[in-house]
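What follows is a set of notes on a single structure, which appears directly below.
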Amino acid sequence: MSYVITPPQAASVPVVGRSERFPIHRIYCVGRNYEEHAKEMGFTGREPPFFFLKPADAAVPVNAGETGTMAYPSLTSNLHHEIELVVAIGTGGRNILAADAHMHIYGYAVGLDMTRRDLQGDMKKQGRPWCIGKAFDQSAPIGPITPVAQAGDVVNAEIYLQVNGKDRQRSNVSKLIWNIGETIEHLSAAWELQPGDLIFTGTPEGVAAVVRGDMLTGSVSGLGTLQVKIA
Ligand code: MN
């Protein structure tokens with residue numbers, strides 16, 4: 001195969017204990033999937049899950065034990081952190097039942113759904129797409145993927161984010177409104193999932209702004225720690 005321009009390099013994430021990397025196909029994100037976060041965003045109750053996407057090359061992969069760097073993005077003065085459990089799909093499929101979802105999961109990672117909240121808010125008010133608020137360059141820092149067998153009890157894992165060593169978000173994955181299986185069931189009814197898809201499962205309460213120079217430290221128990229500096 002030859003191309004008229006140089007094709008972009010495939011985006012990928014490191015894998016714990018392996019030299020081979022996990023190639024990223026798509027990045028799906030679930031909106032408002034923890035009750036206390038839905039409330040802080042002005043919503044209540046259990047609504048059907050909804051999804052948005054980030055481009056694969058918005059990922060900022062961070063190796064274990066290293067500190068990643070995210071450039072403070074343009075056009076915003078209200079960049080928010082959202083710490084999230086990320087599900088990595090190893091086997092694709094469509095119309096996957098929640099009960100079968102585990103057979104499609106390669107592993108899990110800790111991710112940040114970074115958000116230009118002011119721009120997202122403007123788009124919401126106008127009924128326009130969220131892309132400019134959510135899908136910008138470097139908007140998805142992510143740590144190494146831990147294969148399922150080594151990941152422990154992700155369903156009941158503690159999840160937290162600290163900024164400069166102070167707690168901002170702290171919750172438990174068990175508080176997901178739509179759990180991992182249900183999320184995969186809904187998502188795979190709308191899109192055919194492919195190996196390499198990542199699913200950011202939503203953030204708990206406590207989202208807030210960061211500024212240049214801030215150090216973000218996030219974790220999901222059993223999946224290591226993701227550290228990112230805002231430059
Ligand atoms: Mn999010």
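Whatever order the structure lists them in is the order used to number ligands and atoms, beginning at 1.
- Side chain of H186 to backbone of E182: a donor-acceptor contact under 3.5 angstrom is found.
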Sequence neighbours excluded and cut-off under 3.5 Å, please list the side-chain donor-acceptor pairs for residues 132-139, or say none.
from, atom 1, to, atom 2, distance (Å)
K134, NZ, E82, OE1, 3.3
K134, NZ, E82, OE2, 3.2
K134, NZ, D113, OD2, 2.9
K134, NZ, T115, OG1, 2.8
Q138, OE1, A71, N, 2.8
S139, OG, K54, NZ, 3.4
S139, OG, K134, O, 3.2
S139, OG, F136, O, 2.7

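- Pairs engaging residues 217-226 under the side-chain hydrogen bond (donor to acceptor under 3.5 Å, both in side chains) rule: T217-Q227 [sequence neighbours left out].
- A side-chain donor from one of T76 and D118 sits under 3.5 Å from a side-chain acceptor of the other.
- Residues I145 and Y108 form no side-chain contact, since every pair of their non-hydrogen atoms from C-beta on lies 4.5 Å or further apart.
- For the Mn ion (ligand 1), protein N, O or S atoms under 2.8 Å: 3 in total.
- Residues in residues 38-97 take part in these ring pair (Phe, Tyr, Trp, His ring centres under 6.0 Å) pairs, two or more places apart or across chains: F50-W130, F52-W130.
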